Structure formats: C-alpha cells, structure tokens
Amino acid sequence: MNRYYVDLHIHIGRTWTGKPVKITGAKSLTFTNIIEHARHEKGLNMVGIIDSHSPEVILEMESLIQSGEISEHPDGGLVFGDLTVIPGSELEIYDEQSNGPIHLLAFFPNLTIMREFSSWLSTHLKNIQLSSQRIYVTGLVLQKKVKDLGGIFIPAHVFTPFKSLYGKGVQKSLTEVLDPNLIDGIELGLSSDTHMADQLGELHKYTFVTNSDAHSLAKIAREYQVMAMKEPTFLELHKALKGEDGRHIIANYGLDPLLGKYHKTVCAECLNPLTPDDQICNLCGKNKIIKGVADRILELKTADAGPLGRPPYVHQVPLEFIPGLGPRLLEKLVNHFGSEMAILHEVPYEALTDVVPAKIAELILKAREGSINLAAGGGGKYGKIAD
C-alpha cells in the first residue's frame, strides 16, 4: 500500500467565466486554480471538489479532459499528474423529519455520472449553478439516489451549530433523518475530533474523515487525512472508507478542537463565554446564545470510548495559524521545500532554520506535534495560539 494525503471538501468560488458558485468562496477558487494549488503548493494526492454538480464547472472539467490536461481513471477520479480529483456535491436538506438544515456530501467516480446527478438535482432545487443548495427531497431519497448511482455518501461537518446533522438537524440520532446503512463515513468538522465524536455510540461503526471545507486557496488542507491505498482512485477511496482489502485511514490530521470556530458556547453578540444553561449573556444582556460543539456532544453522549483500531487523530496547527509566518515567508518555505505537506511532515528543524528564524521553526515543530498552547474559539471566531 502507498500513503496519500487527502482533503475531500473543497469549494468552487467561481466558474471559469466568473459566475459565482459558492457565494462566500474566494473568486480565486476556480476548478483549475484549485487543482494546481492543491498539487503544487499543498502537496495533496487526492481532493474532493464538492461543487462539481454546477453545469459550468462540469464544462470546465470536460474542457480540461479534451485538452489532455486531466484524464479520467478507469477506477474513478480525474487525474492531474500525481493529484486525483473526486467530483462531489454538497447539498442541504431541511424536511419535515429534521429540526434544522443539514449539509450532506456526495461523491461520484466520473463526469458521466456527475452530469446525470446534476440533471436530477436540477429538478429538485432552485439554482443548480450554486453550492450547498437546499434540495427539496428527504435525506432518505437523496441517499438512495447517490447509492443508485454508485456514489459515496458522507454527512458534512456533523457537529457545527448551523447546518449540520447534530448541530440542529436531529434531536438525538441520525436515524431520525437518514438510513444508517447508506452512510460511508462521517465528516467531523473543525470544532471536534475523534475522541469527542466517539462519545456517540451510533458513530462507532463509521470511518471518520477530516477535511478543510476550504472557502479559499489558503484554507485547503487545514484538515486532511493520510490514507493507505494502492493508488488514488474513487474505487480505492471507497475501500479505504470501508476498511476493505487493507485500505484504510492511517491518521486524521486536524485542528485541535480549541481552534475551531464553534468549540465553546458563547453569546452571539459579544462572544462572551457562557455555559449551555445560560439564557442571557451576563456581559451584554442579549439572549442569543450559540451552543458550542463540546457542550452539544455532552448532551448526546452515549459512550465513554470509541472502538478499538481507530486511526490516531493528530492535532496539527495549520501553517497559516503560526505567528510571524506570513504569506511571503510561507511562500518562501514552499518554494524551498516543495509543498506544505513536506514542511508539516518531513522537513527537519535544522533545514527549516535555513529559511525561517529559529523561533518560527520551533513553532512549526510544535504545530507538527500538537504541543502549542491554544485559546479556544467560539461563535464563529477561530481560536488562536496563546502566548
């Protein structure tokens, strides 16, 4: 088996003609820019681009195939050198079974199937051009369609307070809205990790994935996983999620939950830390409270430990969080060592100090080891490296 760096949740900001796809995504997030940045700057081997249902994005991918810049692998995936793209789609359900909107991810092996899925979607949502659109079918209907097309189905960022399975979507169990047998994995999101998620016994049967949910090029691979696969293809990805034939996730790499935007319960107005029982902010007097992921998981807790054999979850601080490591210095590091993955995983301290000051090199090593002191985030504000 070989080791591959994988980030399965990257948004398209604009089409190649400049039309918006993910409204909150950066204009530089075109399909072509993403694959070039993910391959050459980040050092990833597989990415999931989850707005691939948008018709103009499909046209851009088909154009790149026709020009020979990318090709379709017979086992699924679009090949761009040593990077494989898995076409995907993020959708929102909010039916009578759910208490709030829920985001879900679907992935497909090739453009023929993605185009068929896009055509089906266009009859069930308002704007097929845009990302994360509400689809007017139940979660069960969406699951069945994805599986009928041979796709992979993964609930997205399942604990975030807004637009997620456990944030507001269900009261207690995913079975309220989804068929548990048609789920291929669970995406943890930026404010939780394996230990936190495994406090829900119903999740023990699933593989956990950690992805960036990138809305800009810089955010790609802020969370990712290392997978053991024979080669980076859709078929191998599906086997890795199921733990079949020796394929598996070797390790998940993600933010310490303290760095996530929604880790702790806070006042929505002034971000004052609160307890989940507080009804009014004791600082500003407002009554709009955002319940943190940690407190929500405690409400849902049914287990003390997860199953044996879970891959390790490594609390790794992204390079962009490191004080003093601005865009120019980071670019210098990448140019010197080849990619961010190389800097985070391979480059020794002595080599780092040839390019950056010793203090920054030390922080990079601490980020690699997950030993940096952190101040918790909440209410949409990221945590930060503490003094």
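The analysis underlying the following values was restricted to heavy atoms, covering all of them including side chains, and did not include hydrogens, waters or symmetry mates. For clarity, every value in this text was computed on a predicted model and none was experimentally measured.
A heavy-atom distance below 4.5 Å is found between the side chains of His11 and Ser132. With a 4.5 Å cut-off on side-chain heavy atoms, Gln143 and Ile183 count as touching. Here the side chains of Thr15 and Phe31 are not in contact, with every heavy-atom distance at 4.5 Å or above. You'll find the side chain of Glu340 stays beyond 4.5 Å of the side chain of Glu41, heavy atoms only. Contact check for Ile152 versus Leu8: no side-chain heavy atoms found under the 4.5 Å cut-off. Counting only heavy atoms from C-beta outward, the side chains of Thr210 and Leu255 never approach each other to under 4.5 Å. Side chains of Pro180 and Glu202 form no contact here, defined as non-hydrogen atoms less than 4.5 Å apart. Side-chain contact check for Leu363 versus Val317: every heavy-atom pair is 4.5 Å or farther apart.
A side-chain donor-acceptor contact under 3.5 Å links His73 and Glu231. A donor atom on one side chain and an acceptor atom on the other are found under 3.5 Å apart for Tyr224 and Gln316. Under the 3.5 Å distance criterion, with hydrogens and angles disregarded, a donor-acceptor pair is assigned to the side chains of Glu69 and Ser67. In this structure, a donor-acceptor pair under 3.5 Å is present between the side chains of Glu60 and Thr32. Side chains of Asp75 and Thr233: a donor-acceptor N/O pair is absent below 3.5 angstrom, by distance only. Checking Thr17 against Glu56 by side-chain atom types alone, a donor-acceptor pair falls below 3.5 Å. In this structure, a donor-acceptor pair under 3.5 Å is present between the side chains of Glu187 and Asn211.
Side chain of Asn335 to backbone of Lys332: no donor-acceptor contact under 3.5 angstrom is found. In this structure, the side chain of His336 does not engage the main chain of Val334 through any donor-acceptor pair within 3.5 Å. A distance-only check finds a donor-acceptor pair linking the side chain of Glu176 to the backbone of Gln171 [under 3.5 Å]. Asp295 places no side-chain N or O within 3.5 Å of a backbone atom of Leu298 that could act as its donor or acceptor partner. For the pair Thr265 (side chain) and Gly292 (backbone), a donor-acceptor distance under 3.5 Å is present. The closest donor-acceptor contact from the side chain of Gln225 to the backbone of Val6 lies under 3.5 Å. Distance alone, capped at 3.5 Å, is enough to place a donor-acceptor pair between the Asn45 side chain and the Tyr5 backbone. Side chain of His103 to main chain of Pro101: no donor-acceptor pair is present (N/O by atom type, distance under 3.5 Å, no hydrogens or angles). Here the side chain of His195 pairs no donor or acceptor atom with the backbone of Ala305 at under 3.5 angstrom. A donor-acceptor pair under 3.5 Å is formed between the side chain of Lys147 and the backbone N or O of Gly151.
Considering CG of Asp82 and OH of Tyr4, their distance stands at 9.5 Å, rounded to 0.5 Å. Atoms NZ and CD1, from Lys42 and Ile220 in turn, are 6.5 Å apart once rounded to the nearest 0.5 Å. Rounded to the nearest 0.5 Å, atoms CD1 (Ile249) and CG (Leu241) are 6.0 Å apart. Summarising the geometry, atom NE2 belonging to His37 is positioned 11.0 Å from atom OG belonging to Ser339; distances are rounded to the nearest 0.5 Å. Taking OG of Ser173 as the start and CG of Leu165 as the end, the distance is 8.5 Å to the nearest 0.5 Å. In this structure, the separation between CZ on Arg39 and OG1 on Thr84 is 10.5 Å, given to the nearest 0.5 Å.
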Derivation and outcome, side-chain contact (heavy atoms from CB on, under 4.5 Å), residues Leu190 and Arg222 = CA-CA 9 Å; Leu190 303 180; Arg222 62 179 167 180; 3.4 Å; yes

request  = Any chance you could lay out the side-chain contact (heavy atoms from CB on, under 4.5 Å) test for Tyr262 and Phe162, step after step, and finish with the verdict?
outcome  = CA-CA 10 Å; Tyr262 301 107; Phe162 310 106; 3.8 Å; yes

message = Test side-chain contact (heavy atoms from CB on, under 4.5 Å) on Ile35 and Leu78; report intermediate values, then the result.
response = CA-CA 10 Å; Ile35 62 174; Leu78 310 178; over 6 Å; no

Verdict with reasoning, Glu236 to Arg247, per salt bridge (charged side-chain N to carboxylate O under 4.0 Å, His left out) = CA-CA 7 Å; Glu236 292 283 307; Arg247 282 73 167 171; 2.8 Å; yes

task = Take Leu300 and Lys172 through the test side-chain contact (heavy atoms from CB on, under 4.5 Å) and record every step on the way to the result.
result = CA-CA 6 Å; Leu300 298 168; Lys172 288 291 184 181; 4.2 Å; yes

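Atom NZ of Lys288 has 12 or fewer neighbouring heavy atoms from other residues, nucleotides or ligands inside a 6.0 Å radius.
What you find for Ile360 and Pro323 is that their closest heavy atoms are CG1-O, 4.1 Å. Listed here is the closest heavy atom pair of Asp7 and Ser212: OD2-OG, 2.6 Å. Residue Tyr94 comes nearest to Asn99 through the heavy atom pair OH-O, 3.6 Å, listed as atom of the first residue, atom of the second, then distance. Taking each heavy atom of Leu188 and Ala197 in turn, the nearest pair found is CD2-CB, 3.5 Å. Looking at every heavy atom in both residues, Asn272 comes nearest to Cys281 through ND2-SG, 3.5 Å. Here the shortest heavy-atom pairing between Ser54 and Val21 reads OG-CG2, 4.1 Å.
Clustering ILVMFWY residues whenever any of their side-chain heavy atoms sit less than 4.5 angstrom apart, transitively, puts Met46 in a cluster other than the one holding Met341. No path of Ile, Leu, Val, Met, Phe, Trp and Tyr side chains, each step under 4.5 Å between heavy atoms, connects Val137 with Ile154, placing them in separate hydrophobic clusters.
Of the listed residues (Ile135, Leu142, Val177), just one forms a side-chain contact (heavy atoms from CB on, under 4.5 Å) with Leu104, and that residue is Leu142.
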Report, one line per pair, each donor and acceptor closer than 3.5 Å where one atom sits in a side chain of residues 106-115; sequence neighbours left out.
| residue | atom | partner | partner atom | Å |
| --- | --- | --- | --- | --- |
| Asn110 | OD1 | Thr112 | N | 3.2 |
| Asn110 | OD1 | Ile113 | N | 2.9 |
| Arg115 | NE | Glu62 | OE2 | 3.3 |
| Arg115 | NH2 | Glu62 | OE1 | 2.9 |
| Arg115 | NH2 | Glu62 | OE2 | 3.1 |

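Between His315 and Tyr313, the ring-plane angle classifies as perpendicular under the 30° and 60° cut-offs.
A cation-pi arrangement, defined by a distance under 6.0 Å to the six-membered ring centre and an angle within 45 degrees of its axis, is absent between Arg296 and Phe159.
Asp51 has no carboxylate O lying under 4.0 Å from a charged side-chain N of Lys22, or vice versa, which leaves the two without a salt bridge. Between Glu362 and Lys359 there is no salt bridge, since none of the side-chain N atoms of the basic residue sits less than 4.0 Å from a carboxylate O of the acidic one.
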